[in-house]
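So the structure is just underneath, and the comments pick up after that.
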Amino acid sequence: SVLLGTLTLVFGVGLMATAGYLISRAAERPAILSLTVAIVAVRFFGLARPVARYLERLSSHDVALRALGRARRRVYERIEPLAPAELRGDRRGDLLARLVADVDSLQNLHLRGLVPPLVALGAATVSVAVAAAVLPFAAVVLAVGLLLAGLATTFAGAATSRRGTEAAARGELTAELVEALSGSAELAAYGRQDDFLRGLYTADSRLVRIARRAALADGAAEALRLALAGATVAGVLAVAISSHSGGELDRVMIALLALLALVSFEAIQPLAEAARELGETLASGRRLLELVDREPSVRDPGEPLALPAGPFAVALEGVRARYAPGELPALDGFTLRLDPGRRVALVGPSGAGKTTVANLLLRFLDPEQGRVTLDGADLRAYRQEDVRAAIAVAGQDAHLFSASIRDNVRLARPAASDEELGQALDAARIGDWVRSLPDGLDTLVGEEGRELSGGQRQRIALARAFLADAPVLVLDEPTAHLDPPTAERLLQDVLA
């Protein structure tokens, strides 16, 4: 792609230079045959330039998109083991910005960060070499002009990125937007919308300031490039005319040198944007590295134990657990044994550690003291995937995807039939309601289940846990959002 980009600019330089020669030579009215070579050269450069440009776009975007696909997969593979416990301190909107906008910006590393300077160097070298073959003094003037223009525009672009990066500002704005939109009803109910709007305005203003600085830098860089291009063309013309007056240069070559110098500055044009984009891309890369360089505290063993056939006992033995170093333990000295057939209710105020027990059982979190066992063996001796196949959880914040009821419930067992889905929904006391819908199981639930009530969302999450049919079932506040009669019947079904 660098070679094709260089050829594109070189063909452009060749087109203008040979056109200048052809026009000047034709003005002398020579025999038409003496112009044949110049005419063929103009046609060649005119046809070859768009072909080279097309192939360059094809190859450079192919490289960028292949690299982007690998980067996206790599980022997901690195952060998936961190969820959910080790990402609890990250704002959802900022994570979204990193996974989407910051990963997407990595394609600019090749397209706008690395290729333009290399292409500019190659094309400028060829232009100066051609000028040197015609008139060495003109080549010196052209080389100085290109060097000054390249340095000036590059520094103008780089200065912008040093004063604040768009990646961080975009992440902050996205985080504010996601939080404001997801909690819009509550914010309006409690009269706090103005406070959040002020935060949005502040984040948006910062992003706008960075965009304005970038536009100003681009404009200043373009003005510098045009000024230096004009000065360089004037210098080349002065040297060429002086050489012609001294009898050292054919007058036909004056136009060739002037047009060659003018079009050579096309190589300098993208350098300001390249410097700015490189700074932004590096900032996005640092934000991604800060995320993917985290090492998960929960890992699979080198030689995992095979999951035993049920029924089996699950136990927590003298467990102390905390979510981050320095925090108070969420559980300390906690012991619980779940034998086959046993039903246990954990009660306590908010923050007592009930959800932490579920996280420990699922290996979203490992204890720092004590151990969690399955069939007598430490849970850390099993693969995480096997543990989560043996223990099903319906959490109070279980996620519903923007898909149908069928797709959301079937996540637990993709091969399940509609009859099995119906049984799970009936057990969750929502089957009759689903069957009454015009689209039935194909009814869309909306983003995060927003088309449903809180109780309906809770029961669909319960149906998903029932469908998993795991030996151990953990329900985290299963009757939240339910009216008392429905909650009582649901608990009776679960306990049965």
Side-chain angles (χ1 to χ4, degrees), residues 76 80 83-84 92 95-96 99-100 178 181-186 307 310-311 343 355 358-359 361-364 384-496:
Y76 183 83
E80 188 268 338
R92 293 175 60 195
L95 281 174
L96 176 66
L99 283 170
V100 179
V178 168
L181 291 173
S182 61
S184 57
E186 290 81 1
L307 192 67
R343 297 167 296 184
T355 300
N359 289 337
L361 288 172
L362 285 173
R363 283 207 74 200
F364 288 157
Q384 298 173 64
E385 185 178 349
D386 291 340
V387 170
R388 290 160 198 168
I391 303 174
V393 173
Q396 57 182 316
D397 55 353
H399 186 79
L400 294 186
F401 290 90
S402 183
S404 66
I405 294 174
R406 181 197 312 277
D407 291 335
N408 274 285
V409 177
R410 193 176 270 171
L411 278 172
R413 188 147 49 94
S417 65
D418 285 355
E419 182 180 355
E420 291 170 318
L421 292 178
Q423 292 171 355
L425 291 166
D426 287 337
R429 293 278 175 177
I430 198 174
D432 290 339
W433 176 78
V434 171
R435 283 187 286 270
S436 71
L437 296 172
D439 294 328
L441 286 169
D442 294 319
T443 301
L444 299 177
V445 303
E447 183 178 359
E448 295 187 351
R450 291 184 183 276
E451 297 299 319
L452 309 178
S453 69
Q456 290 164 346
R457 288 197 297 270
Q458 187 79 357
R459 282 179 279 178
I460 287 177
L462 280 170
R464 186 161 62 196
F466 294 155
L467 184 65
D469 196 25
V472 181
L473 177 62
V474 180
L475 305 180
D476 191 358
E477 299 198 19
T479 59
H481 312 295
L482 299 182
D483 58 273
T486 303
E488 184 176 354
R489 289 195 302 270
L490 177 64
L491 278 180
Q492 289 173 354
D493 291 341
V494 169
L495 295 177

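Basis for what follows: all heavy atoms, side chains included, without hydrogens, waters or symmetry-related copies. These numbers come from a predicted model, not from an experiment.
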Could I get the full list of salt bridge (charged side-chain N to carboxylate O under 4.0 Å, His left out) partners for Asp483, not counting sequence neighbours?
none
Do you know which two heavy atoms are closest between Pro414 and Leu411, and how far apart they sit?
CD-O, 4.1 Å
So, for Asp386 and Leu307, which heavy atoms are closest and what is the spacing to 0.1 Å?
O-CD2, 3.6 Å
Quick one: list whatever passes salt bridge (charged side-chain N to carboxylate O under 4.0 Å, His left out) with Arg413, sequence neighbours left out.
Glu420
Checking Phe466 against Leu473 for the side-chain contact (heavy atoms from CB on, under 4.5 Å) test, could you report, in this order, the C-alpha distance in whole Å, the side-chain angles of both residues, the deciding distance, and whether it holds?
CA-CA 8 Å; Phe466 294 155; Leu473 177 62; 3.7 Å; yes
Taking Arg363 for the side chain and Glu385 for the main chain, is one N or O donor matched with an acceptor at less than 3.5 Å?
no
How far apart are the closest heavy atoms of Asn408 and Phe401, and which atoms are they?
OD1-N, 2.7 Å
Going by the rule ring pair (Phe, Tyr, Trp, His ring centres under 6.0 Å), which residues pair with Tyr76 if we only count those two or more places apart in sequence or in a different chain?
none
Using a strict cut-off of less than 4.0 Å between a Lys/Arg side-chain nitrogen and an Asp/Glu carboxylate oxygen, indicate whether Asp432 and Arg435 qualify as a salt bridge.
yes
Only counting residues at least two apart or in another chain, list the ones meeting salt bridge (charged side-chain N to carboxylate O under 4.0 Å, His left out) with Arg406.
Asp418, Asp442
Shortest non-hydrogen pair, Ala424 vs Ala463, comes out as CB-O, 3.5 Å
Donor-acceptor pair, Gln456 side chain versus Ser453 backbone, under 3.5 Å?
yes
Applying salt bridge (Lys or Arg N to Asp or Glu O under 4.0 Å) as the test, list every pair that has at least one member in residues 457-480; sequence neighbours left out.
none
What's the spacing between Thr443 OG1 and Leu437 CG if we round to 0.5 Å?
4.0 Å
Ala465 to Ala394 - nearest heavy-atom pair and separation:
CB-CB, 3.8 Å
Side chains of residues 445-452: which donor-acceptor pairs under 3.5 Å do they make with residues two or more places apart or in other chains?
from	atom 1	to	atom 2	distance (Å)
Glu448	OE2	Arg92	NH2	2.3

From Leu441 CG over to Ile405 CD1, what is the distance, rounded to the nearest 0.5 angstrom?
7.0 Å
Tell me the closest heavy-atom pair linking Ser404 and Leu444, and the distance in Å.
N-CD2, 3.8 Å
CG/Leu400 to CG/Asp407 distance, rounded to the nearest 0.5 angstrom?
11.5 Å
